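Just so you know, these numbers use all the heavy atoms, side chains as well, and skip hydrogens, waters and symmetry mates. Just so it is clear, the model here is predicted, and its values are computed rather than measured.
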Amino acid sequence: SGLSHTERNRIHREIEFYNKLKHQHIPSLKDVYEIEDKIALVIPFANNKDLLDYINSRADKRLAEDEAGKIFVKLVNVIQYIHSQQVVHR
C-alpha cells in the first residue's frame with residue numbers, strides 16, 4: 001500500500017527539522033533511504049544503552065544521586081534546545 005502524499009510530506013518535513021538540530025546530545029542524521037513504502041533514517045550507532053537499559057543493567061537498579069543529577073541536566077538542556085528551535089519532543 002505505500003505512503004500517501006500527506007504522509008510522505010509530513011515525514012520529509014520532520015527530516016528537515018531534524019537536520020536543523022545541532023546539539024552534542026542529538027545524533028546527526030547521516031542519510032535517508034526511501035524504498036517502496038518505507039523511509040529509513042540513518043543515524044550513528046550508539047554504543048551505550050538507552051537510559052532504562054542502563055539503569056536496569058546495574059546490580060541495584062538505581063543511579064547514584066550525583067549521576068542521576070548529571071543525566072537530568074543533560075536531558076533538560078536538550079529539551080530546552082529543541083524547544084528553542086520550535087520543536088516539541090513527543
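The pair K20-E16 does not count as a salt bridge, with every side-chain nitrogen at least 4.0 angstrom from each carboxylate oxygen.
For I43, the side chain to side chain contact (heavy atoms under 4.5 Å, CB included) partners at least two apart in sequence or on another chain are Y18, P27, L29. Residues passing the side-chain hydrogen bond (donor to acceptor under 3.5 Å, both in side chains) test with H25, sequence neighbours excluded: none. Legend: residues meeting side chain to side chain contact (heavy atoms under 4.5 Å, CB included) with R62, ordered by chain and number and at least two apart, are D60. Not counting sequence neighbours, the partners of H12 by the side-chain hydrogen bond (donor to acceptor under 3.5 Å, both in side chains) test are E34. Among residues two or more places apart in sequence or in another chain, the side chain to side chain contact (heavy atoms under 4.5 Å, CB included) test is passed with F72 by V76. Under the side chain to side chain contact (heavy atoms under 4.5 Å, CB included) criterion, I71 pairs with L51, L63, E67, L75, not counting sequence neighbours. N19 meets the side-chain hydrogen bond (donor to acceptor under 3.5 Å, both in side chains) test with no other residue; sequence neighbours excluded. Residues satisfying the ring pair (Phe, Tyr, Trp, His ring centres under 6.0 Å) criterion with Y54, sequence neighbours excluded, are absent altogether. K30 is linked by a side-chain hydrogen bond (donor to acceptor under 3.5 Å, both in side chains) to S28, counting only residues two or more places apart in sequence or in another chain.
Going from atom CG of N77 over to atom CD1 of I82 covers 12.0 Å, rounded to the nearest 0.5 Å. The line from OG of S57 to CG of L52 is 10.0 Å long, rounded to the nearest 0.5 Å.
I79 and F17 end up in different hydrophobic clusters when Ile, Leu, Val, Met, Phe, Trp and Tyr side chains are linked at under 4.5 Å. I11 and V32 end up in the same hydrophobic cluster when Ile, Leu, Val, Met, Phe, Trp and Tyr side chains are linked at under 4.5 Å.
The closest side-chain heavy-atom distance from K22 to Y81 is below 4.5 Å.
The hydrophobic cluster containing Y33 also includes V42, under a criterion of side-chain heavy atoms closer than 4.5 Å among ILVMFWY residues, counted directly or through chains of members.
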